[in-house]
Q: 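Below are the structure tokens for one structure; questions will follow.
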There are 2 protein chains.
Amino acid sequence: MRLVIARCSVDYEGRLQAHLPEATRLIMVKADGCVAVHADGGAYKPLNWMNAPNRLSEDDEGWTVTSPKGEVLRIWLHEIYADSSHEMGVDPGLQKDGVEAHLQELLARDVEMLGNGWKLVRREYPTDIGPVDLLCRDDEGMAVAVEIKRRGEIDGVEQLTRYLDRLDRDGNLSPVRGVFAAQEIKPQARVLAEARGIRCVTLDYDELRGIESNELKLF
Amino acid sequence: MRLVIARCSVDYEGRLQAHLPEATRLIMVKADGCVAVHADGGAYKPLNWMNAPNRLSEDDEGWTVTSPKGEVLRIWLHEIYADSSHEMGVDPGLQKDGVEAHLQELLARDVEMLGNGWKLVRREYPTDIGPVDLLCRDDEGMAVAVEIKRRGEIDGVEQLTRYLDRLDRDGNLSPVRGVFAAQEIKPQARVLAEARGIRCVTLDYDELRGIESNELKLF
DNA sequence: GTGTATATCTCGGGG
DNA sequence: CCCCGAGGTATACAC
């Protein structure tokens, strides 16, 4: 990784056009070739950047970074205050817990959380417009499509509605009911869901994990 | 801005839980207090980070960053290879061109692009679920709601559909037609839009700018 | 490759 | 403050 502190101005032309007036900034070049120009504030997003793959050429006025898609990032270096390089090796990567995939996995293990006698048909049940998170049968054998979100918002209700519309055309499933399950459901999303006859369920991640732990204890 | 190159491991607990095994990385601390841990690859996104505002405390094993929302980022510093600080001052910021706001502005100036005799009622026409990009009257005085996107995808069609549903309840406007305008419209979005009676229009950004230039030339 | 959904999305604007 | 919408979104995953 190369780190350059410099007074610079920047022009980007590609998916849009953007310009950075002259100021002191950090320019970071990673081993994969990606370039990022950071100001001393504004969270982790750089002011300007160029993703890998690209080609970087230096001349006496600055750098030109060109991507195969025709994007160009031009960095004018007016004064360089520091320029260092560091070997880091390959990163072992981030281990995450608590994202939607994990919620889905936990709920799939115990669909009875949603209703007594419910059975899981399958996770990621396919439709021609994309997969439904869970397809279940309730205690009376009726089909139920479940959409799982970490945060339940209107888009998620729209998504489930599209799936329900599709699934309902399948004679082996129809009529299909819907359940919108999330750790947190926004009021607007709840109103829209309930207006469409979709049941809303709030998930407790710790409780789901607790169930998982209890199951593990049994073996 | 402080830049530390160190062999470190990291734990984050907040919106989710995440762990980074020991490796050499860049730790960036910006003037506003935000912290980012970067590997030498993987685009501009850090592996782990903490937004401002937060509180950073150092001890002999590493750093603890705490946010007012209860998030905690713990960085264990095993070996420090470099540690430098740089004054940068306030950044003048990025100047952009070509985003949706500009498309909206250009189209608002010349709604006749959409149909002869069309008049703009107003930009950002309010409804109780959010503003419609443009509300127009066509040559016969019928109301038309226009949703503008750079890239037209299914979400945009859903959004316009919700607005149309709302606007149609207004006796002074009903019936309201819809136009979905974008630089590029995905086939699925087009199918969905047309199935709902929404007209799709592809925008040519250069042509819109050309109109603007021509208008400017007249004055 | 396209298409779809997710994200500790980030970021900005408006109430 | 939250809510909402846009993004050069980026990223992962299925088809």
Side-chain angles (χ1 to χ4, degrees), chain A residues 12-18 34 36 41-52 67 69-73 94 96-104 124-133 147-151 153-156 158-160 162-163 184 186-189, chain B residues 10-18 34-37 42-52 54 65 67-73 93-94 96-104 124 126-133 147-151 153-156 158-160 162-163 182-183 186-189 191:
Chain A
Y12 166 79
E13 184 148 357
R15 284 176 275 188
L16 57 63
Q17 290 161 356
C34 71
Y44 72 65
K45 195 176 179 183
L47 293 163
N48 241 323
W49 69 92
M50 186 73 101
N51 289 333
S67 86
K69 293 173 202 156
E71 298 169 290
V72 180
L73 186 72
L94 187 66
K96 290 188 194 182
D97 178 30
V99 293
E100 185 198 304
H102 207 172
L103 282 176
Q104 187 192 115
E124 302 289 348
Y125 186 94
T127 78
D128 54 0
I129 55 166
V132 185
D133 287 340
E147 179 65 34
I148 301 165
K149 294 283 179 206
R150 213 163 45 80
R151 289 175 24 175
E153 302 183 11
I154 282 179
D155 279 2
E158 298 285 17
Q159 194 182 339
L160 177 54
R162 290 198 298 273
Y163 291 145
E184 177 199 354
K186 294 291 167 78
Q188 289 85 345
Chain B
V10 183
D11 288 292
Y12 166 79
E13 183 148 357
R15 285 178 274 187
L16 55 62
Q17 290 163 351
C34 70
V35 180
V37 180
Y44 67 67
K45 194 178 179 182
L47 292 164
N48 241 322
W49 69 92
M50 185 79 100
N51 288 335
N54 61 50
V65 191
S67 88
K69 291 173 201 155
E71 297 169 292
V72 180
L73 185 73
L94 187 66
K96 285 190 193 180
D97 177 30
V99 292
E100 184 196 306
H102 204 186
L103 280 177
Q104 187 192 114
E124 303 288 347
T127 77
D128 53 2
I129 54 166
V132 185
D133 286 339
E147 179 65 33
I148 301 165
K149 294 285 179 203
R150 212 167 46 78
R151 289 172 18 179
E153 301 181 12
I154 283 178
D155 279 2
E158 298 283 19
Q159 195 181 339
L160 177 54
R162 289 197 297 273
Y163 290 145
Q183 280 184 282
K186 293 290 168 78
Q188 289 82 349
V191 168

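Quick note on labels: first sequence line is chain A, next is B, and so on, each numbered from 1. Fair warning: this is a prediction, and the values are worked out from it, not measured in the lab. What you see below is based on every heavy atom in this structure, not just the backbone, and it leaves out hydrogens, waters and symmetry mates.
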Q: Could you tell me if the side chain of A/Tyr44 sits less than 4.5 Å from the side chain of B/Tyr44, heavy atoms only?
A: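 Yes, side chains in contact.
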Q: Between B/Asp155 and B/Asn48, name the one whose nearest nucleotide on DNA chain C is closer to the 5' end.
A: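 Nearer the 5' end of the strand: B/Asp155.
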Q: Classify the nucleic acid contact of A/Tyr44 as base, sugar-phosphate or nothing, counting any heavy atom under 4.0 Å across all strands shown.
A: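 It contacts sugar-phosphate atoms only.
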Q: Classify B/Gln104 by what it touches in the nucleic acid, base, sugar-phosphate, or nothing, heavy-atom distance under 4.0 Å.
A: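 Result for B/Gln104 = nothing.
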Q: Tell me whether the OP1 or OP2 atom of C/dT8 has a side-chain N or O from B/Asn51 closer than 4.0 Å.
A: no
Q: For B/Gln188, report the nucleic acid contact type (base, sugar-phosphate, nothing); a contact means any heavy atom under 4.0 Å.
A: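 The residue B/Gln188 makes sugar-phosphate contact but no base contact.
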Q: Could you check if a side-chain atom of B/Leu103 sits within less than 4.5 angstrom of a side-chain atom of B/Gln183, using non-hydrogen atoms only?
A: yes
Q: Could you check which of C/dA5, C/dC11, C/dG3 has an atom nearest any side-chain atom of A/Arg162?
A: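 Side chain of A/Arg162 sits closest to C/dA5.
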Q: Quick one: which of C/dT8, D/dA10, D/dG8 gets closest to the side chain of A/Val99?
A: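 Given the options C/dT8, D/dA10, D/dG8, the side chain of A/Val99 is closest to C/dT8.
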Q: Expressed in whole Å, how much space separates the C1' atoms belonging to D/dA14 and C/dT8?
A: 25 Å
Q: Counting side-chain heavy atoms from C-beta on, which of D/dA10, D/dA6, D/dC3 comes nearest to B/Ala43?
A: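 So the side chain of B/Ala43 is nearest to D/dA10.
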Q: If you look at every strand shown and take non-hydrogen atoms under 4.0 Å, does B/Leu103 touch a base, only sugar-phosphate, or nothing?
A: nothing
Q: Considering every strand and a 4.0 Å limit on heavy-atom distances, what is the contact class for B/Glu153: base, sugar-phosphate, or nothing?
A: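 No contact at all - B/Glu153 keeps every heavy atom at 4.0 Å or more from the nucleic acid.
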Q: Do B/Gln104 and B/Glu124 get their side chains close enough for a donor-acceptor pair, meaning under 3.5 Å?
A: yes
Q: If the threshold is 4.0 Å, N to carboxylate O, is there a salt bridge linking B/Arg151 and B/Glu153?
A: yes
Q: Base, sugar-phosphate, or nothing: which does B/Tyr163 touch, judged by heavy atoms less than 4.0 Å apart?
A: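 Here B/Tyr163 touches the backbone only, sparing every base.
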Q: Using the P atom as the point on both nucleotides, what is the distance between D/dG8 and C/dA5, in whole Å?
A: 22 Å
Q: Would you classify B/Gly42 as touching base, sugar-phosphate or nothing, given that sugar-phosphate means primed atoms plus P, OP1 and OP2, and contacts are heavy atoms under 4.0 Å?
A: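 Sugar-phosphate, no base atom in range.
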